Number of protein chains: 2
Amino acid sequence: MTETAKIEGFDLLRFLPYLLNQAAEESSLTFQKIYKDRYGLLRTEWRVLFHLGMFGEMTATDIGTRGKIHKTKVSRAVYRLGQRRYLKRMPSETDRRVEWLVLTPAGEAVYRDLRDTAERYETALLEGFTADEVAQLKRVLRRLGGTPDSGNSPK
Amino acid sequence: MTETAKIEGFDLLRFLPYLLNQAAEESSLTFQKIYKDRYGLLRTEWRVLFHLGMFGEMTATDIGTRGKIHKTKVSRAVYRLGQRRYLKRMPSETDRRVEWLVLTPAGEAVYRDLRDTAERYETALLEGFTADEVAQLKRVLRRLGGTPDSGNSPK
DNA sequence: GCTTGTTAGTTACAAAAACAACCATTACCA
DNA sequence: TGGTAATGGTTGTTTTTGTAACTAACAAGC
């Protein structure tokens, strides 16, 4: 790597959004290979699947709100997951615009496999950091990302 | 938000790659509006510009390696930055495949403006965290993202 | 009931990214 | 040398995404 040093009082390598991107890129590229190679899933599809696996029945809008995923992305992911028979759609009895989404047994199996893999992957990723560092990192990231503190938040 | 609770021992909201993504997404979407509205830059273009502003002369490959940006993305970003006269290309004397890239005065001006904006943005983003938290966050992120410790690293 | 406004979700089209194939050069090495 | 591999960079094609506009259903006020 050839380059001329050119120091000014700003270092891209310490610029937070840059660091966040690099770290996010690195960690999701690695994990992406797994769900893509193993099940042919796209990033959004994986995210939708995980939401359903974790929370059970949800509507498309619920998923979008929770995961900050745009509704068109959710819509297309749901469509593809449906085609692969990883989820089924159940029309709501009370509102005909709404469909409840729920994983099929096949979808559940994929979810469990990926969830376990994710857990192992995270463990590997965090090897070498102390429990304190990890806890603090996650706390800070949650605040930065605007993630609700815990499982439930009202609309 | 309607949902059935379905607790199993894994929480997507605590899954590190997920948190990283949310935080990265949040922070770069906000900043994206600035460089897009103000200069019509694309994300990759902004990143390339910043690299050049920070390190001075570099080749396309250098930028790709440093920033983990695929070479086709770099190539197209360089092309567009060239069209806008934000950078100029200088053929290498020793290797006719290589071109050195360097910002024009116009490019420098854009860089300085965006850099300063970025600095203010980061300050706002990190308001409410202690200096210690920030330092530790960045240290951890650098390690996760495989970012070289400081400005210079040999090939 | 009927008009107006919202909400859930899909679809169409344009912009951007991923992927692969491709020159032109330079490096390696028998 | 000369032939093969590797490198720097660009271009073409296919996937994904982003943005807007749209349909269908519900809600609210009069």
Side-chain angles (χ1 to χ4, degrees), chain A residues 1-3 21 24-25 28-30 32-33 35-37 40-48 51-52 57-84 87-102 155, chain B residues 1-3 21 24-26 28-30 32-33 35-37 40-48 51-52 57-83 87-102 155:
Chain A
M1 181 161 322
T2 20
E3 77 209 18
N21 256 305
E25 197 80 359
S28 58
L29 279 184
T30 310
Q32 178 175 51
K33 242 194 91 51
Y35 56 72
K36 189 175 174 191
D37 289 357
L41 292 176
L42 251 35
R43 223 173 76 121
T44 309
E45 288 163 33
W46 165 68
R47 293 183 70 191
V48 167
H51 279 264
L52 288 173
E57 261 182 41
M58 296 177 88
T59 71
T61 301
D62 289 344
I63 296 173
T65 307
R66 263 252 182 237
K68 295 196 189 149
I69 311 174
H70 194 269
K71 61 181 181 173
T72 64
K73 270 163 102 179
V74 175
S75 174
R76 291 194 256 242
V78 166
Y79 173 75
R80 282 186 283 228
L81 289 171
Q83 283 206 318
R84 281 168 220 206
L87 63 77
K88 65 172 183 289
R89 308 159 100 109
M90 301 161 56
S92 158
E93 310 255 311
T94 58
D95 185 339
R96 279 188 298 170
R97 291 170 303 179
V98 171
E99 283 177 322
W100 289 96
L101 305 169
V102 60
K155 167 171 255 167
Chain B
M1 181 164 317
T2 20
E3 77 210 16
N21 258 307
E25 198 79 359
E26 183 83 10
S28 57
L29 280 184
T30 309
Q32 177 174 52
K33 243 193 88 52
Y35 55 73
K36 188 175 173 187
D37 289 358
L41 291 176
L42 251 34
R43 222 173 79 121
T44 309
E45 288 164 33
W46 166 69
R47 293 184 70 191
V48 167
H51 279 266
L52 288 173
E57 263 182 39
M58 294 177 88
T59 70
T61 302
D62 289 343
I63 297 173
T65 307
R66 263 257 180 233
K68 295 193 198 177
I69 311 174
H70 193 271
K71 61 181 182 174
T72 64
K73 271 162 100 178
V74 175
S75 174
R76 282 169 168 134
V78 166
Y79 173 75
R80 282 185 285 229
L81 290 171
Q83 282 205 318
L87 63 77
K88 65 172 184 290
R89 308 159 100 109
M90 301 160 54
S92 159
E93 311 253 313
T94 57
D95 185 338
R96 280 189 298 173
R97 291 169 304 180
V98 171
E99 282 178 321
W100 289 96
L101 306 169
V102 60
K155 168 169 249 168

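By convention in this document, chain letters (A, B, ...) are assigned in the order of the sequence lines, proteins followed by strands, and residues within each chain are numbered from 1. Here the structure is a predicted model, which is why all the values come from computation and not from measurement.
Rounded to an integer number of Å, the gap from CZ of A/R47 to P of D/dT16 is 17 Å. Atom-to-atom, CD of B/E93 to P of C/dT25 comes out at 16 Å; the value is rounded to the nearest Å. Atom pair A/N21:CG and C/dA17:C1' shows a separation of 15 Å (rounding to whole Å applied). Nucleotide D/dT23 holds its P atom 18 Å from the CZ atom of A/R96, rounded to whole Å. Here the C1' atom of nucleotide D/dG9 and the CD1 atom of B/I63 are 12 Å apart, to the nearest Å. Computed from coordinates, the A/I69 CD1 to C/dA8 C1' distance equals 16 Å when rounded to whole Å. Rounded to an integer number of Å, the gap from B/K36 NZ to D/dT17 C1' is 12 Å. In this entry the distance linking CH2 of A/W46 with P of D/dT16 reads 17 Å, nearest Å.
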Worksheet item: Step by step, would you call A/R66 with A/I63 a side-chain contact (heavy atoms from CB on, under 4.5 Å)?
Response: CA-CA 5 Å; A/R66 263 252 182 237; A/I63 296 173; 5.8 Å; no
Worksheet item: Can you check side-chain contact (heavy atoms from CB on, under 4.5 Å) on A/T44 and A/R76, steps first, answer last?
Response: CA-CA 9 Å; A/T44 309; A/R76 291 194 256 242; over 6 Å; no
Worksheet item: Should B/H51 and B/M58 be marked as a side-chain contact (heavy atoms from CB on, under 4.5 Å) after you check the CA-CA gap, both sets of side-chain angles, and the distance that decides it?
Response: CA-CA 8 Å; B/H51 279 266; B/M58 294 177 88; 4.1 Å; yes
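To the nearest 0.5 Å, atoms CD (B/E57) and CG (B/L101) are separated by 8.5 Å. Note that the CG atom of A/D62 and the CH2 atom of A/W100 stand 6.0 Å from one another [nearest 0.5 Å]. In this structure, the separation between OH on A/Y79 and CZ on A/R84 is 11.0 Å, given to the nearest 0.5 Å.
Look at A/K73 and you'll find a side-chain N or O under 4.0 angstrom from OP1 or OP2 of D/dG18.
Take the nearest nucleotide of DNA chain D for A/T94 and for A/T44: the residue whose nucleotide is more 5' is A/T44. Along DNA chain C, the nucleotide nearest B/D95 and the nucleotide nearest A/D95 are compared for position; the residue whose nucleotide lies closer to the 5' end is A/D95.
Between B/E45 and B/L81, the shortest heavy-atom contact is O-CD1, 3.7 Å.
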Fill in: Nucleotide-resolved protein contact map, nucleotides 9-15 of chain C, B/S/- at heavy-atom distance under 4.0 Å
BBBB---
N/O to N/O distances under 3.5 Å, protein versus nucleotides 1-3 of chain C:
none

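For A/T72, the side chain to side chain donor-acceptor pair (under 3.5 Å) partners at least two apart in sequence or on another chain are A/H70.
A donor-acceptor pair shorter than 3.5 Å can be found between the side chains of A/R43 and B/N21.
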